[in-house]
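One is the number of the first residue; the rest follow in order along the sequence. Note that the structure is predicted; figures quoted are calculated from it, not measured.
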Amino acid sequence: QVQLVESGGGLVQVGGSLRLSCTASGRRFSFNAIAWYRQAPGKQRELVAAINSGGGTKYVDSVKGRFTISRDDAKKAVYLQMNSLKPEDTAVYYCNLGDDRTYYSGIPTDYWGQGTQVTVSS
């Protein structure tokens, strides 16, 4: 049984930083791709960033240059460093466990964490 746990969300002022963590349990991790999604109130869930098993990364245009995704396979963890935060980054952030096929397709699997709230105040 796969379990994903996100942490690191919170309230931050515009221009501030947060580091989100996603830890996995229950299965091998190093062959997996992980994606971060976010969902703001009244909006659809969107892909924010993803990292594949080889460390390749991709980002939605709105966060390029501000967010960085990384992974530590020994800790079965993926991180999302978020800098220069804007009010429009306010959302619940979820991690999704997939593989390299889902990395390239952009289609999430059914493996989600519970989410962590990020609120950016102006």
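Val14 is not listed as a side-chain neighbour of Ser121, based on a closest heavy-atom distance of 4.5 Å or more. Contact check for Val48 versus Tyr59: no side-chain heavy atoms found under the 4.5 Å cut-off.
For residues 103-122, the ring pair (Phe, Tyr, Trp, His ring centres under 6.0 Å) pairs, not counting sequence neighbours, are Tyr37-Trp112.
The side-chain hydrogen bond (donor to acceptor under 3.5 Å, both in side chains) test applied to Gln117 returns Thr119, not counting sequence neighbours. The side chain to side chain contact (heavy atoms under 4.5 Å, CB included) check on Ser53 picks up Asp100, with sequence neighbours excluded. With sequence neighbours left out, the side-chain hydrogen bond (donor to acceptor under 3.5 Å, both in side chains) criterion links Ser25 to no other residue. Annotation: side-chain hydrogen bond (donor to acceptor under 3.5 Å, both in side chains) contacts of Arg101 (sequence neighbours excluded): Asp99. By the side-chain hydrogen bond (donor to acceptor under 3.5 Å, both in side chains) test, Thr68 is found to be paired with no residue, residues two or more places apart in sequence or in another chain being considered. Partners of Val12 according to the side chain to side chain contact (heavy atoms under 4.5 Å, CB included) rule, which considers only residues two or more places apart in sequence or in another chain, are Leu18, Leu85, Val120. A search for side chain to side chain contact (heavy atoms under 4.5 Å, CB included) contacts involving Ser7 returns Ser21, not counting sequence neighbours. Checked against side chain to side chain contact (heavy atoms under 4.5 Å, CB included), Ser84 has the following partners two or more places apart in sequence or in another chain: Arg66. By the salt bridge (charged side-chain N to carboxylate O under 4.0 Å, His left out) test, Asp61 pairs with Lys64, sequence neighbours left out. Residues satisfying the salt bridge (charged side-chain N to carboxylate O under 4.0 Å, His left out) criterion with Asp72, sequence neighbours excluded, are absent altogether.
Of the inter-residue distances, the one linking Glu6 atom CD with Cys95 atom SG reads 4.0 Å to the nearest 0.5 angstrom. Rounded to the nearest 0.5 Å, atoms CG (Leu80) and CZ (Arg38) are 9.5 Å apart. Atom CG of Leu97 sits about 6.0 Å away from atom OG1 of Thr109, to the nearest 0.5 Å. Going from atom SG of Cys22 over to atom CG of Asn96 covers 9.0 Å, rounded to the nearest 0.5 Å. Leu20 CG to Tyr94 OH: the interatomic distance, rounded to the nearest 0.5 Å, is 13.0 Å.
Around the CD atom of Glu88, the shell of radius 6.0 Å holds more than 12 heavy atoms that belong to other residues, nucleotides or ligands.
The two atoms that bring Asn52 and Ala33 nearest to each other are CA-CB, 3.8 Å, heavy atoms only. Taking both residues in full, the closest heavy atoms of Pro108 and Gly106 are given as CD-O, 3.6 Å, listed atom of the first, atom of the second, then distance. Nearest heavy-atom pair, Ala40 versus Ala91, reported as atom, atom and distance to 0.1 Å: N-CB, 3.8 Å.
Linking Ile, Leu, Val, Met, Phe, Trp and Tyr residues whenever their side-chain heavy atoms come within less than 4.5 Å leaves Tyr79 and Ile51 in two separate clusters. Residues Trp36 and Leu4 share a single hydrophobic cluster, defined by chaining ILVMFWY side chains whose heavy atoms lie under 4.5 Å apart. Linking ILVMFWY side-chain heavy atoms closer than 4.5 Å, directly or via other members, places Val92 and Val5 in two distinct hydrophobic clusters. Under the 4.5 Å side-chain heavy-atom criterion for Ile, Leu, Val, Met, Phe, Trp and Tyr, Tyr93 and Leu47 are members of distinct hydrophobic clusters.
Using a distance-only test at 3.5 Å, with no hydrogens or angles considered, no donor-acceptor pair links the side chain of Gln81 to the main chain of Ile69. Checking side-chain atoms of Gln39 against main-chain N and O of Glu46 turns up no donor-acceptor pair under 3.5 Å.
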Trace of the side-chain contact (heavy atoms from CB on, under 4.5 Å) decision for Val118 with Met82: CA-CA 10 Å; Val118 171; Met82 306 187 296; 3.8 Å; yes

Test salt bridge (Lys or Arg N to Asp or Glu O under 4.0 Å) applied to Asp73 and Arg71, step by step: CA-CA 6 Å; Asp73 290 341; Arg71 64 189 295 157; 2.7 Å; yes

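Summarising the hydrophobic clusters (Ile, Leu, Val, Met, Phe, Trp, Tyr; side-chain heavy atoms under 4.5 Å, direct or chained), the residues clustered with Ile107 are none.
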